[in-house]
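Only one structure is covered here, and it is reproduced in the block below.
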Amino acid sequence: MSSSANSPEKDPSFYITTPIYYVNARPHLGHAYSTIVCDAIARRKRSQGYATWFLTGTDEHGQKIERSAAKAGRTPGEFAAAISGEFRGLWDRMGITYDDFIRTTEPRHKRGVQKLFAELKAKGFIYKGSYTGQYCVSDEAFVEVPPGAPCPDCGRTTETISEENYFFKLSAFERRLLEFYEANPGFIEPEARRNEVIAFVRGGLKDLSVSRTSFSWGIPVPGDEKHVVYVWMDALTNYMTALGYGADEPELKARFAKFWPADVHLVGKEIIRFHCVYWPAFLLAAGLPVPRSVVANGWLLFDKAKMSKSVGNIVRAETVLEVLGGDALRYFLLREVSFGHDGNFTFEALVQRYNGDLANGYGNLVSRVVNMVHKYFGGVLPEIAPEAVATGPAEAAIAGQATETILEFGAQFDGMDFSRALETVWALVGAVDGYLTSAAPWKKKPDVADEDFAAMQARVLATAAEAIRVMTGLVHPILPESAAKVWRQLGLGEIEDAAKSGELKQLAWGGLRAGTRFNEPAPLFPRAEKDAVERMENLEKDNTLTAVAAASGTEAVAVAEPVAAAPVVDAVKEAVKHEGIAQIGIDDFVKVELRVAQILVAERVPKADKLLRLEVDLGYEQRQILAGIAQYYAPETLIGRKVVIVANLAPRKMRGLESNGMLLAASVGDEGAPVLAGFLEDVPVGARLR
Ligand code: ME8
């Protein structure tokens, strides 16, 4: 990562991106992994004083999405909106601090892609030709294999295509790219990936097809609209269009000037060629600055294979969030996986790390110290009277280790070695635990005078609390929710304020003042019960989203079947009771604003059996609605569904969440089972019912 070459003094900006995810299927832990890594980096950069821009989004064009939508019986636009909403909803639920979420179907993106295409053509780097050869729809890649042979990258069946295409003169960039890699050794990380890319380019580059004509779900080539721009050229350009490339508005132009080129494109290792060969070649051709680094994460494996929708071995982030919480997931992924390498995901290892490092380690340490400050000092951090009790060697050792931890953690984190960075902090957790145990501030020995014992308690607790403050300030980008709780317990207010004010950048031993009033201890990481693994496994089994590789070799369409069909048929056969409600005039009826809404996000509300939390799109706005239908509808069956809502119902709070509207449903049978209102014809979102 280019942090050293880009210190806040010289250039206070930092721009980081995730890949934009395909909307052919729902998010899983693999996507969450890359997004969490970017989020942790963005949080640390902000706290270190960089003006940070963090972009994520969805990749919505191309043949793969068009086919997935057709299989699901939806238009590509509808299909893409629903899955894109799921990605965004999940990132929001996980507290991902993205500054922008781009969808490649947005006008701002189309405008920029067309501009880049036109510019490359005007400069003579794009020419018309025809392509006959193999295409891998799953990777959206032109591949050089004989007809009938599988894709050399992913092993899926390839298709022979023969169509008129525009070509980009990639062959002209072989030397320039090699020179560029040579002059910018930090451009590709880690090293193994760099060697792979260099070997690929040395092997010779052929011109690259950058348009397609055999389908239409894409951005039209300017001036020749039977072509759509090749989905990878379309997708890669998102990193610039989201900032404002192609826009005329002065504030967007300024944003582009401020943040481009990107500091880090974080990507999975399988898409390194697109980012390190095609992307810089397009930019060099257009005369635009090339990103400072492309950093590849390894794969998250499950059952020894890359976790992927087509293999069908995915685990959803929601499952882990529900049972252990978001910080547990973030900690596990960054601690367990050595960044850049592949890493196994197992529920057992997750629970073991959670209980070992979080519940029994950091969480337990915080709870012991905060509780003792309450018990022995009424919740006020005691003064250490220097003349009465000289700070001893044990305290000096903790202080020294904490100071070193600050330095080491920073270097390791900024070098993307998150696992070691966390190990360094946990060594301090262990040291403070040992220090507490040997000092035993809860046990007064008979030969120690009362005031000496009180002085020892003060010294030990103040030292331990200060060490906790240091650890917490360091791990806050990785454990944001828990760090915020600990900061409050230490009486320090909001850690986000400390991050913004530069306090965390100046983190150094000795910042906790005597007299600080601690807040009540609050549980951080309740020990995971024995059945935690089983609960997560069951949640995954219940999840009907089983990605089955389709016969065509393309990725499966992830549209779930209902877990249990709503008990409609029998119920509606029953006589309908008229409930004798008084008549109203039309004036009363028009007071009720009924509208068509599309469900973007649907999820269970923890500890509420009946409630689902929905995010719905009304065309002109998106809002949250809580609906008591969880026992009748599995959340995943609702995504993308168009429903009728009462749009002008006053907001209500349920389980601490605000509901802005109500879903209309028929109430059938003795139990009043809800059956959602819907339409046989396609209706636009936002349409009013009257
Ligand atoms: O490739 N382990 O989208 P995609 C680790 N739209 N990371 C994983 C992973 C796993 N098992 N599975 C997915 C695309 N990822 C293109 C990108 S960018 C201009 C266009 C992460 O939905 C990883 O970052 O297939 C990977 O590169 C990305 O998700 C692929 O997501």
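Please read all numbers here as calculations on a predicted model, not as lab measurements. Indexing begins at 1, ligand by ligand and atom by atom, following the structure's order.
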Give yes if a backbone or side-chain nitrogen or oxygen of Glu270 is under 3.5 Å from a nitrogen or oxygen of ligand 1, and no if not. yes
Near Ile271 (heavy-atom distance under 4.0 Å), the atoms of ligand 1 are 1 (O), 17 (C), 27 (O)
Under 4.0 Å from any heavy atom of Asn297, which atoms of ligand 1 are there? 5 (C), 7 (N), 24 (O)
Find out whether the Lys NZ or Arg CZ of Arg212 is both under 6.0 angstrom from the six-membered ring centre of Tyr135 and within 45° of the ring's axis. yes
Would you say Gln352 has more than 12 foreign heavy atoms packed within less than 6.0 Å of its CD? no
Nitrogen or oxygen atoms of Pro19 and ligand 1 under 3.5 Å apart: no
Is the ring pair Trp260/Trp279 parallel, tilted or perpendicular, if the boundaries are 30 and 60 degrees? perpendicular
Verify, without hydrogens or angle tests, whether Asp327 (side chain) and Glu481 (backbone) share a donor-acceptor contact under 3.5 angstrom. yes
Going by heavy-atom distance to atom 18 (S) of ligand 1, choose the closest among Tyr239, Phe274, Phe87, Tyr33. Tyr239
Please could you name the atoms of ligand 1 that Asp59 approaches to less than 4.0 Å, counting only its heavy atoms? 6 (N), 16 (C), 20 (C)
Take atom NZ of Lys123 as the centre, draw a 6.0 Å sphere, and report whether it contains more than 12 heavy atoms from other residues, nucleotides or ligands. yes
Ligand 1 to His275, heavy atom cutoff 4.0 Å, flagged ligand atoms 18 (S), 19 (C)
For ligand 1, which atoms, with element, lie under 4.0 Å from some heavy atom of Ala235? 19 (C)
With a 4.0 Å heavy-atom cut-off (strictly under), which part of Leu29 contacts ligand 1: side chain, backbone, both or neither? neither
Would you please test Tyr166 and Phe117 for ring-ring contact (aromatic ring centres under 6.0 Å, His included) and show each step? CA-CA 10 Å; Tyr166 281 99; Phe117 195 100; 5.7 Å; yes
Mind checking whether His61 contacts ligand 1 via backbone (N, CA, C, O), side chain (CB onward), both or neither, at a 4.0 Å heavy-atom cut-off? neither
Given that the side chain starts at C-beta and the backbone is N, CA, C, O, which of these parts of Lys269 lies under 4.0 Å from ligand 1, counting heavy atoms, or is it both or neither? neither
Can Gly298 be said to touch ligand 1, with heavy atoms closer than 4.0 Å? yes
Which of the numbered atoms in ligand 1 are under 4.0 angstrom from any heavy atom belonging to Lys309? 22 (O)
Taking only heavy atoms of Met307, which atoms of ligand 1 are found under 4.0 Å from at least one of them? 10 (C), 11 (N), 12 (N)
Any donor-acceptor N or O pair under 3.5 Å, side chains Tyr98, Asp92: yes
Sub-4.5 Å side-chain heavy-atom contact between Leu358 and Arg335: no
Residues Tyr127 and Asp207: side-chain donor-acceptor under 3.5 angstrom: yes
Evaluate Gly268 for polar contact with ligand 1, using N/O atom pairs at a separation under 3.5 Å. yes
Counting only heavy atoms not in Glu348 (residues, nucleotides, ligands), do more than 12 fall under 6.0 Å from its CD? yes
Option with minimal heavy-atom separation from atom 1 (O) of ligand 1, where the choices are Trp299, Tyr22, Phe345: Tyr22
